[in-house]
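Worksheet: the structure to be examined is printed underneath.
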Amino acid sequence: MADPHYRSIWRSAKLFKELVPATRFNGTAPWRNLFTSTQMQYAKQASKAAKKPQKQLPDYRPSKIKPPPSPSATPFRPKPRPNPLRYRTIPMVFGGATLAGISAYCTILYISLNRPLEHEVPIEAASQADVSKRYDVIANTFDSEVEWTEKIMGIKRLRKKLAKEAHGDVLEISIGTGRNLDFYGFDFKNGKDHGRVKSFTAVDKSEEMLEVAHEKFGRLYPGILGVRWVVADASEEGAIPPPPRNPNERSGNKVGEKYDTIVQTMGLCSVDDPVALLKCLGNIVKEEDGRILLLEHGRGRWQWLNNFLDKSAIGHAKDFGCWWNRDMAKIVGESGLEVVKFDTWHGGTTYWIELRKPKFEKSPIKGLDESKTSKPNIQAKNETRKSWW
């Protein structure tokens with residue numbers, strides 16, 4: 001019995017013989033040829049792999065997505081906002097200087113307006129000089145001088161509204177240059193307009209102003225002879241003629257008749273006796289149904305504003321022929337007419353006043369002391385106080 005060790009050797013040799021057949025390898029050992037063939041196989045595989053096109057890997061590009069910060073990183077600090085005033089230094093300097101100048105001017109103006117008057121300025125019409133002759137000088141330039149002021153302050157709008165209230169036989173006192181002519185609703189027989197005004201009578205103390213108004217009417221309504229032009233002082237009793245018989249300046253008068261509407265704008269400030277004027281107007285307007293429409297300017301509701309009016313009253317009277325510091329409420333109260341409407345604008349310096357004459361006047365009671373009687377109430381029941389503007 002063979003040794004088991006030799007049996008294993010024999011089996012290994014037999015297996016090796018089957019795996020590696022007997023071949024002549026140029027005198028070399030069989031195991032060496034085995035390794036050489038293995039190298040040749042690897043070389044062939046390498047040459048085949050070299051012949052195949054290799055896949056090109058894409059170029060590496062770093063990711064745009066930022067990785068989240070690690071917990072151990074520094075805490076996030078917001079980016080500081082840029083200074084909004086960095087490039088505005090020069091505008092701020094000029095703006096501050098302008099504001100300081102305006103403040104200084106307002107302060108000086110306030111001090112000057114509240115400073116007491118050095119000399120007494122007349123307020124009552126009886127103590128004020130007659131400057132109505134000034135209108136003969138400024139008649140041709142009056143419209144251009146007051147046009148922009150009336151537009152800014154809304155006086156032109158008030159004129160238009162006041163003229164639209166006129167109806168029937170209309171009388172305008174102190175017509176001036178005819179600044180209200182464009183707003184009336186005329187109803188002339190052969191005219192182009194059809195409104196509420198049947199006849200129109202224009203009265204002014206200044207002949208030069210009345211001539212300017214006459215020319216203006218001819219441009220507005222060419223070929224119309226429907227207005228009477230009267231040069232007279234309306235404060236004198238009997239100076240105003242009665243209404244015309246028909247809308248023609250050459251027609252006769254309605255003897256004993258009175259006017260339906262009397263209009264006056266900025267006139268009480270230029271007459272010598274405004275109370276006497278209102279009383280004369282009350283005698284020529286129809287009782288109860290007739291109306292006296294006034295648009296005036298005078299003293300306001302604040303003392304500093306009245307101080308300004310008083311200080312500039314004399315200069316304004318010399319330039320424009322009117323005293324704008326008169327107390328219109330007192331003048332209306334002394335006229336004896338009944339107040340239907342009383343409105344104010346512009347700090348109480350612009351007045352819209354509507355008056356009428358009552359049909360039956362109260363007769364004085366004998367033995368009654370007039371000093372104990374109450375003054376007429378100038379505020380009508382339907383009066384509405386307006387704002388500053």
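Predicted, not measured: the structure shown is a model, and the values here were computed from it.
Taking CD of E296 as the reference point, atom CG of L268 lies at 3.5 Å (rounded to 0.5 Å). Note that the OG atom of S103 and the CG atom of L99 stand 4.5 Å from one another [nearest 0.5 Å]. With values rounded to the nearest 0.5 angstrom, T261 atom OG1 is found 9.0 Å from K286 atom NZ. A distance of 7.5 Å separates OH in Y259 from CG in D169, rounded to the nearest 0.5 Å. A distance of 7.5 Å separates NZ in K198 from CG in D260, rounded to the nearest 0.5 Å. Annotation: the span from E215 atom CD to L220 atom CG amounts to 12.0 Å, rounded to 0.5 Å.
At least one side-chain heavy atom of E124 sits under 4.5 Å from a side-chain heavy atom of K330. Side-chain contact check for L355 versus L281: every heavy-atom pair is 4.5 Å or farther apart. Put simply, the side chain of V170 does not reach to within 4.5 Å of the side chain of T201, judged on heavy atoms. Side-chain contact between W229 and I175: present, with at least one pair of heavy atoms (C-beta onward) separated by less than 4.5 Å. When side chains are defined from C-beta on, Q128 counts as touching N325, because their heavy atoms get closer than 4.5 Å. A 4.5 Å side-chain heavy-atom check between L305 and R299 finds every atom pair outside the cut-off. The shortest distance between side-chain heavy atoms of P358 and E288 falls below 4.5 Å. Using a 4.5 Å heavy-atom threshold, the side chains of K318 and R134 count as separate.
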Any chance you could lay out the side chain to side chain contact (heavy atoms under 4.5 Å, CB included) test for K151 and W148, step after step, and finish with the verdict? CA-CA 5 Å; K151 282 186 178 180; W148 69 273; 5.6 Å; no
Assess the residue pair H297 and C322 against the criterion (side chain to side chain contact (heavy atoms under 4.5 Å, CB included)); give the C-alpha distance rounded to whole Å, side-chain angles, the decisive distance to 0.1 Å, and a yes or no. CA-CA 10 Å; H297 59 176; C322 73; 3.9 Å; yes
Quick one: do V121 and K311 satisfy side chain to side chain contact (heavy atoms under 4.5 Å, CB included)? Show the steps, please. CA-CA 7 Å; V121 177; K311 290 181 179 180; over 6 Å; no
Begin with the C-alpha distance, continue with both residues' side-chain angles, and end with the deciding distance and a verdict on side chain to side chain contact (heavy atoms under 4.5 Å, CB included) for R228 and F200. CA-CA 7 Å; R228 295 189 306 177; F200 189 82; over 6 Å; no
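If you check the side chains of D273 and S235, you find no donor sitting under 3.5 Å from an acceptor. Defined by atom type and a distance below 3.5 Å, a donor-acceptor pair is missing between the side-chain atoms of S174 and D204. Between the side chains of S132 and D130, at least one donor N or O sits under 3.5 Å from an acceptor N or O.
C280 and A234 get closest at one heavy-atom pair: CB-O, 3.6 Å. The two residues W324 and S312 make their nearest non-hydrogen contact at CZ2-OG, 3.1 Å. Between K254 and P242, the closest heavy-atom pair is O-CB, 3.2 Å. Across V340 and R291, no two heavy atoms sit closer than the pair CG2-NE, 4.2 Å. Of all heavy-atom pairs spanning F183 and A163, the tightest one is CB-CB, 3.6 Å. Across all their heavy atoms, R301 and T344 have their closest contact at NH2-OG1, 3.1 Å.
Under the 4.5 Å side-chain heavy-atom criterion for ILVMFWY residues, no single connected hydrophobic cluster contains both I173 and V131. Connection of M266 to V146 is not established within any shared hydrophobic cluster, with ILVMFWY side chains joined at heavy-atom distances below 4.5 Å, either directly or through further cluster members. Cluster annotation: L181 is not connected to V212 through the hydrophobic network of ILVMFWY side chains, with a link wherever side-chain heavy atoms come within less than 4.5 Å. Taken together through direct or relayed side-chain contacts under 4.5 Å among Ile, Leu, Val, Met, Phe, Trp and Tyr, V271 and I138 form parts of separate hydrophobic clusters. If you chain together hydrophobic residues whose side chains sit under 4.5 Å apart, Y135 and I314 never meet in one group.
Test R159, K156, K160 against E150 for salt bridge (Lys or Arg N to Asp or Glu O under 4.0 Å) and you get one pass: R159.
When the shell of 6.0 Å around CG of N283 is examined, it contains more than 12 heavy atoms from other residues, nucleotides or ligands. Heavy-atom contacts from other residues, nucleotides or ligands closer than 6.0 Å to CD of E207 number 12 or fewer.
Ring orientation note: the planes of F320 and F142 are nearly perpendicular, at an angle over 60° on the 30°/60° scale. Between Y184 and F186, the ring planes are tilted. Angles from 30° to 60° get that label.
Residues passing the side-chain contact (heavy atoms from CB on, under 4.5 Å) test with L162 are V263, T265, L293, L295, W352, sequence neighbours excluded.
Under a 4.0 Å N-O distance rule, the pair R179/E147 qualifies as a salt bridge.
Here the side chain of H346 pairs a donor or acceptor atom with the backbone of M153 at under 3.5 angstrom.
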